[in-house]
Amino acid sequence: MYELSNYIGATAPFFILSAIISKKGNLTMARFIYMVAFNLSVTLTASFIGKAGSVEYILMFAMALPFVLFSFRREKLFIAIFSGLSMIFWFLLYFTDFNLFTDTQMDAVQAGKYIYPISIATTILLVTYQLIYFSCINAEFYSKIHNQREVAIEASNAKSRFLSMMSHEIRTPLNAITGLSHILGDSNPREDQKQNIDALNYSGKILLNLLNNVLDFSKMESTKIELDPIPTDIMAAMKQIKKIHEPSCLRKGITFELEIDEELPIVWLDIVRFNQVINNLVTNAIKFTDKGSVTLKIVKQDETDGNVIIRTEIIDSGIGIAEDQQEKIWQAFTQASSSTNRLYGGTGLGLPIVKSIVETMGSTVQVESEMGVGSRFYFNLELKLASNKELDQITQKKVHDLKGKKVLLVEDNQINVMVGKQILEKANLVVDVAYDGLIAVNKVRENNYDALLMDIQMPVMDGYTASREIRKFNSTVPILALSASVFQEVKEKMLESGMNGFIFKPFDPVDLLNKIEEIVDK
């Protein structure tokens with residue numbers, strides 16, 4: 001015991017040194033010295049006491065101690081070294097029959113009677129302390145995660161509420177722009193007026209595309225894109241794309257080339273999403289091209305039983321993209337350089353959305369570009385073949401039989417009321433108007449309507465509350481929500497309020513009439 005005291009006394013200065021170094025701020029070195037001294041002290045004591053004292057069990061505590069003292073992210077090597085050191089000492093004690101530092105051990109009876117209980121109790125206390133300490137750290141860690149999660153959810157909800165509000169505020173006047181351009185275009189305008197109407201319609205579509213990009217990016221952060229394929233004639237769809245973008249090219253003095261394979265078959269395709277991809281890529285190509293041309297090229301690569309592979313390319317002779325910037329352009333809110341945004345503007349969302357949509361369609365967008373020469377964006381799509389009969393069922397112009405049907409238009413925006421009435425009355429509908437939800441409830445009590453067109457955000461009483469009130473005394477009248485918000489939670493709230501369906505502003509007049517006919521005939 002005297003000899004053991006000398007050995008333990010010799011290790012004591014190392015513990016003191018560890019405390020001094022720790023106080024000076026060098027924690028890694030302090031912990032290093034402490035771990036070596038601690039392992040050595042336990043092993044020395046176990047060797048002198050002998051197997052009967054079971055002092056070596058304290059090495060169980062020593063094995064786990066590095067996980068407490070060192071950072072698992074930054075100092076994994078130290079954790080491995082010192083956990084391994086404790087195991088090595090333990091095996092050395094075992095294989096040398098505890099004669100590692102001395103051949104003379106304490107009397108086995110005394111060791112078992114006095115040292116063994118102390119050793120076991122100490123081990124249990126140390127391990128229990130360690131478990132409690134780890135539990136407290138984990139509880140604190142997960143509490144922080146939970147709090148951070150709650151903050152993140154609240155921030156996300158706040159963002160959704162803001163986007164929903166902004167969507168409503170922007171889409172409401174945009175609905176008037178697109179509605180009026182439709183009405184003017186259907187009113188036999190003079191030739192000199194058609195160009196102005198087309199420009200108005202085009203500006204509305206550009207603004208709507210910009211708004212959809214922001215909202216789509218927000219939705220893509222939390223949910224997957226859902227595709228809605230329909231029988232599509234790609235040639236006809238791309239001719240419309242050319243019609244939309246060619247005026248921009250003419251204004252810049254560049255040409256817009258359309259190279260569509262005449263052998264392209266009818267396919268099942270989400271044409272809305274496909275158009276969104278093409279519009280974003282073509283808009284970018286036109287924006288960054290000051291001379292030369294922009295080419296939209298779609299060719300058939302291969303056709304097998306029931307499927308066809310088509311390649312889509314958008315080629316321009318614009319400013320090009322530096323090779324080291326070609327990965328960066330797919331990141332949200334970024335552009336190839338800071339000067340690009342100053343010179344050309346844009347949100348930096350177009351290409352990330354293109355990437356997400358094309359990947360959802362089962363492909364990847366590739367880019368080839370050279371500074372000062374131009375860029376080429378391309379991707380392949382494997383699509384199912386559709387028949388001409390299936391296409392005819394989709395594209396056949398529907399004749400609406402709504403004469404004599406009476407609808408209540410619930411809308412607080414005067415311009416939208418004017419536009420809506422003209423569209424509905426042109427389809428021979430009898431239109432009554434309510435400027436808020438409370439007036440709508442009272443009108444439904446007093447009159448019979450074939451359908452209600454219910455705006456969501458209104459003064460006095462909103463559309464949700466009005467629908468719930470109406471459902472208390474009338475469960476049959478169809479209610480179609482007119483909403484400027486496109487978020488899923490809004491859709492769910494509409495259905496919970498007793499509405500039968502919804503159409504989003506700005507709406508296509510044909511879609512609106514189709515929806516009215518659908519709910520009226522049920």
Side-chain angles (χ1 to χ4, degrees), residues 1-22 26-143:
M1 291 298 290
Y2 175 77
E3 194 175 348
L4 174 61
S5 324
N6 291 333
Y7 275 115
I8 296 299
T11 61
F14 290 100
F15 288 104
I16 296 168
L17 177 64
S18 174
I20 293 169
I21 294 173
S22 174
N26 194 339
L27 293 177
T28 301
M29 179 59 71
R31 290 163 178 170
F32 191 97
I33 295 168
Y34 173 79
M35 284 301 303
V36 172
F38 183 78
N39 276 286
L40 196 57
S41 297
V42 172
T43 309
L44 273 167
T45 306
S47 183
F48 275 89
I49 298 295
K51 189 174 183 180
S54 297
V55 176
E56 76 279 6
Y57 282 119
I58 298 175
L59 289 171
M60 288 176 63
F61 171 77
M63 280 182 203
L65 195 57
F67 290 90
V68 178
L69 295 183
F70 296 99
S71 166
F72 190 75
R73 286 183 299 173
R74 299 186 305 275
E75 302 165 317
K76 288 181 184 177
L77 183 62
F78 286 147
I79 293 173
I81 288 171
F82 288 116
S83 295
L85 182 64
S86 302
M87 292 179 70
I88 289 168
F89 277 138
W90 200 330
F91 283 123
L92 286 173
L93 286 169
Y94 177 78
F95 286 116
T96 59
D97 198 23
F98 286 76
N99 295 321
L100 184 60
F101 293 102
T102 178
D103 293 333
T104 307
Q105 280 102 23
M106 187 177 181
D107 178 68
V109 175
Q110 286 186 326
K113 188 174 181 180
Y114 299 109
I115 304 299
Y116 174 76
I118 295 171
S119 173
I120 294 299
T122 303
T123 303
I124 291 170
L125 284 171
L126 288 174
V127 172
T128 302
Y129 162 77
Q130 214 163 46
L131 289 171
I132 292 170
Y133 181 76
F134 272 123
S135 298
C136 290
I137 288 177
N138 284 335
E140 185 180 353
F141 177 72
Y142 284 110
S143 175

Inset, instruction - Mind checking side-chain contact (heavy atoms from CB on, under 4.5 Å) for Gln110 and listing every partner two or more places apart, or none if nothing turns up? - result: Met106, Asp107, Tyr114

Legend entry - Side chains of Ile49 and Tyr116 in contact at under 4.5 Å (non-hydrogen atoms): no

Legend entry - Separation of Ile124 CD1 from Leu131 CG (nearest 0.5 Å): 11.5 Å

Inset, instruction - With side-chain contact (heavy atoms from CB on, under 4.5 Å) as the test, would you mind laying out the steps for Trp90 and Met63 before giving the verdict? - result: CA-CA 10 Å; Trp90 200 330; Met63 280 182 203; 3.1 Å; yes

Inset, instruction - To the nearest 0.5 Å, tell me how far Phe89 CZ sits from Leu100 CG. - result: 7.5 Å

Inset, instruction - Might you point out which heavy atoms bring Met35 and Leu69 nearest each other, and give the distance in Å? - result: SD-CD1, 3.6 Å

Taking only distance into account, with no hydrogens and no angle test, what donor-acceptor pairs under 3.5 Å do side-chain atoms of residues 51-59 form with protein atoms, sequence neighbours excluded?
none

Inset, instruction - Decide if the gap between the ring center of Phe70 and the ring center of Phe82 is smaller than 6.0 angstrom. - result: yes

Legend entry - Distance, nearest 0.5 Å, that separates CE of Met60 from OG1 of Thr123: 7.5 Å

Inset, instruction - Kindly check if the number of other-residue, nucleotide or ligand heavy atoms within 6.0 Å of CZ (Phe32) is above 12? - result: no

Legend entry - Qualifying residues under side chain to side chain donor-acceptor pair (under 3.5 Å), relative to Asn99, sequence neighbours excluded: Gln105

Legend entry - Check: Phe101 main-chain N/O paired with Ser47 side-chain donor or acceptor under 3.5 Å: yes

Inset, instruction - Return the set of residues passing side-chain contact (heavy atoms from CB on, under 4.5 Å) with Ile20 (not counting sequence neighbours), or none when no residue passes. - result: Ile16, Lys24

Inset, instruction - Quick one: pull up CZ in Phe91 and OG1 in Thr96 and give me the separation to the nearest 0.5 Å. - result: 13.0 Å

Legend entry - Pairs where residues 116-143 contributes a residue and the test salt bridge (charged side-chain N to carboxylate O under 4.0 Å, His left out) is met, not counting sequence neighbours: Glu140-Lys144

Legend entry - Counterpart residues, ring pair (Phe, Tyr, Trp, His ring centres under 6.0 Å), relative to Phe15 (two or more places apart): Tyr34

Legend entry - Residues that Thr128 engages under side chain to side chain donor-acceptor pair (under 3.5 Å), provided they are two or more places apart: none

Inset, instruction - With side-chain contact (heavy atoms from CB on, under 4.5 Å) as the test, would you mind laying out the steps for Ile33 and Ile21 before giving the verdict? - result: CA-CA 9 Å; Ile33 295 168; Ile21 294 173; 3.5 Å; yes

Legend entry - Those residues that, when tested against Phe98, pass ring pair (Phe, Tyr, Trp, His ring centres under 6.0 Å) (two or more places apart): none

Legend entry - Closest non-hydrogen atom pair, Ala64 against Phe134: O-CZ, 4.4 Å

Legend entry - All side-chain contact (heavy atoms from CB on, under 4.5 Å) counterparts of Phe141, not counting sequence neighbours: Ile145

Inset, instruction - Determine the minimum heavy-atom distance between Ser71 and Ile79, stating which atoms define it. - result: O-CD1, 4.0 Å

Legend entry - Those residues that, when tested against Glu75, pass side chain to side chain donor-acceptor pair (under 3.5 Å) (two or more places apart): Thr28

Legend entry - side-chain contact (heavy atoms from CB on, under 4.5 Å) partners for Ile137, two or more places apart: Tyr133

Inset, instruction - Measure the CD1-OG1 distance between Ile88 and Thr43 for me, rounded to the nearest 0.5 Å. - result: 10.5 Å

Legend entry - Residues forming a side chain to side chain donor-acceptor pair (under 3.5 Å) with Thr11, sequence neighbours excluded: Ser41

